[in-house]
Amino acid sequence: MNEQASYPLLETIDSPARLRELPRRELPRVAEEVRRYIIHSVARTGGHLAASLGTVELTVALHYVFKTPLDRLVWDVGHQAYAHKILTGRREAMAGIRQRDGISGFLKRSESEYDCFGAGHSSTSVSAALGMAIALQQQSSEQRVAAIIGDGAMTAGMAYEALNHAGHVEADLLVILNDNEMSISPNVGGMSNYLAKLLSGRLYATMREGGKKMLSAMPQMRELARRAEEHMKGMVIPGTLFEELGFNYIGPIDGHDLDTLVTTLRNLYHLKGPQFLHVITRKGKGYAPAEKNPCAYHGVTPYDPADGRMHKKSATGPTYTQVFGKWLCDMAAADPALVAITPAMCEGSGMVEFARRFPQRFFDVGIAEQHSITLAAGMACEGLKPVVAIYSTFLQRGYDQFIHDVALQNLPVLFAIDRAGIVGPDGPTHDGIFDLSFLRCIPNLVLMAPADENECRLMLSTGFRHDGPCAVRYPRGGGPGVPVAEDLATLPLGKAKPCREGRRVALLAFGSMVAPAREAGEALDATVVNMRFVKPLDTELVKKLAACHELLVTIEENVVAGGAGSAVRECLDEAGIVCPLLHLGLPDAFGHHGTREELLAACGLDKAGIVAAVQAQLRGRQPGHLPLSANSY
């Protein structure tokens, strides 16, 4: 970075071991330099800014107290871990974060020994850390384990399942709640910091355990003492819930006070059993634009670090997310039965305007994908028309509820599945590349993929008015720029749309792949069809195409295994039709991060890749040969 001269202390820290060699009085300087480094680094690359700014002091204190990587720090999600990356030998690599061949924006075990558990989805840290703590305990290891979970992640049931289990097994585990929205308690100050130091100290712990032993022969007195301690804590700290789960609750403390953090963590480091530290931080801490609007600066594109202004992109048409947001408001105005549900993705799913205009019909359930789907099912049972807006990668977490609570009961719930296919810089943890495969096999479901912005609106209306479960899956970003109509028209169910008539080869394209298929079709003089529906498939058209073409090519932004192309193969097999078939899609592998265009090209899903694959296939056979492999990708 050009800012190297501004980081004299940080430049000397190439590992947490070097950090631990510094005198404690230098830690505030380290934190200040790390914070400035994050601000200027992310200004160039984009990424997750506000959450990482809020955890700088906590990260410095953790690596100063814990003997990482021997001790395990399990971060939740990863967007709060940029300071962790900087202090663990990846400072210079931050210049390529979330870019092709650069480091990941999340935690990745293969990237660093300090990333002891990979994380891109939320609420996994406590479960993973508990598993590590149990394993280390069974090996009689003295290694320590800490899970750092953000308060947003505490809205997920999985976190509470893990907390409940941790208290039951009494593992040596420290759970740190990074409360960056004051959602549990605003009572931070000198008194709470003092109490945290006192309650985490050895004197208090020794007296507490000694009292338990002394009173063990007097059960009634022990219970009385336990209740007295609980009520005393309850008067000054909000930790009753965590105490009931079996944790020793400490806090809340100021997460930007390094002295308090280091003292408290050192005290907790030596305590046995489940410990819970409640830390209050400010999202965007130290950068005025992010402090003022932490939501807008959660994930950012490149910006001017002087004033926080994002670099403007050239004007384009609406994104698919914006098309959905406008359709949602328009349909809600037309049908009072419409209700909208999201698992903590109001902004990302384009629902801000709907929430403002129809607050009584908008339900943000937090990071609780399973609940969001079953909630929709319950609403549908009583005559409402739920629309669940959810990212493809997060829908995976509610698969059982999709099958058992919605599809099995054939309930009219519409799923607006955003970020389908390759997402780009967020990488494989957020890629939505499996939904066609895991949804296509579910009975009662209608599954659609739009080729452009206007078709997205048509499909949303079609799905909403269908009396059964429907899903419309669309990619991140914009489409080919087709104007969007204002009406709420629908499509005929299960009917594809021929786009170009050619010879020899027919390209059967699904969703986002229609645009590159059109370009490839011109170069190949091939027939091109916008298939529109993955389920029900337009089987009659597929059979007609097979009868008059030498080669059928299916193209989808989904894994080839079990995807839309497999549906075409099954259709031909059932009809007893022998026709060469080439499947183009995503390979049987987890991908990388980079721009969406780079990654699609690498998978052969652009014009050049499609043309090359078809030409290679044609060169390898003559008319009349036997069918090709069902998966030639």
Less than 3.5 Å apart, any donor N or O on the side chain of [X] or [Y] sitting next to an acceptor on the other?
X	Y	answer
H84	D115	yes
S437	N558	yes
W75	S125	no

| message | With rounding to the nearest 0.5 angstrom, report the CZ to CD1 distance, R473 to I390. | response |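 It is 14.0 Å, given to the nearest 0.5 Å.
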| task | Kindly compute the distance separating OG1 (T374) from CG (D405), expressed to the nearest 0.5 Å. | result |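 One gets 3.5 Å once the value is rounded to the nearest 0.5 Å.
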Do the charged groups of [X] and [Y] touch, with an N to O distance under 4.0 Å?
X	Y	result
K607	E522	no
K543	E574	no
R596	E557	yes

Going by atom type alone, with no hydrogens or angles, which donor-acceptor pairs under 3.5 Å involve a side-chain atom of residues 598-606 and a protein atom two or more places apart or on another chain?
from, atom 1, to, atom 2, distance (Å)
E598, OE1, T595, N, 3.1
E598, OE1, T595, OG1, 3.3
D606, OD1, G609, N, 2.8

| task | Evaluate the salt bridge (Lys or Arg N to Asp or Glu O under 4.0 Å) criterion for residues E570 and R440: first the C-alpha distance (whole Å), next the side-chain angles of each, then the deciding distance (0.1 Å), finally the verdict. | result | CA-CA 12 Å; E570 291 160 15; R440 189 176 70 81; 3.0 Å; yes
| request: Report, as yes or no, whether the 6.0 Å neighbourhood of atom CG on D467 holds more than 12 heavy atoms from other residues, nucleotides or ligands. | output: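 Not buried by this count: 12 neighbours or fewer within 6.0 Å.
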| task | Would you indicate whether R100, at its atom CZ, is surrounded by more than 12 heavy atoms from other residues, nucleotides or ligands within a distance under 6.0 Å? | result |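 More than 12 within 6.0 Å, yes.
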| With D426, the side-chain contact (heavy atoms from CB on, under 4.5 Å) member among R419, R98, H593 |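 Among the candidates, only R98 passes.
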Minimum heavy-atom separation for [X] to [Y], with atom names?
X	Y	answer
R465	L488	NH1-O, 2.6 Å
E111	R90	OE2-NH1, 2.7 Å
V413	F415	CG1-CE1, 3.6 Å
D364	P343	OD1-C, 4.1 Å
D452	Y320	CA-OH, 3.3 Å

| request: Go through the structure and list residues passing salt bridge (charged side-chain N to carboxylate O under 4.0 Å, His left out) with K385, not counting sequence neighbours. | output: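 Salt bridge (charged side-chain N to carboxylate O under 4.0 Å, His left out) list for K385, sorted by chain: D335.
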| For the rings on F362 and F358, is their centre-to-centre separation under 6.0 Å? |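 Here the rings of F358 and F362 have centres that are no less than 6.0 Å from each other.
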| request: Evaluate the ring planes of F106 and H430, with Trp represented by its six-membered ring, and classify them as parallel (under 30°), tilted (30 to 60°) or perpendicular (over 60°). | output: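 Judged by the thresholds at 30° and 60°, the geometry between F106 and H430 is parallel.
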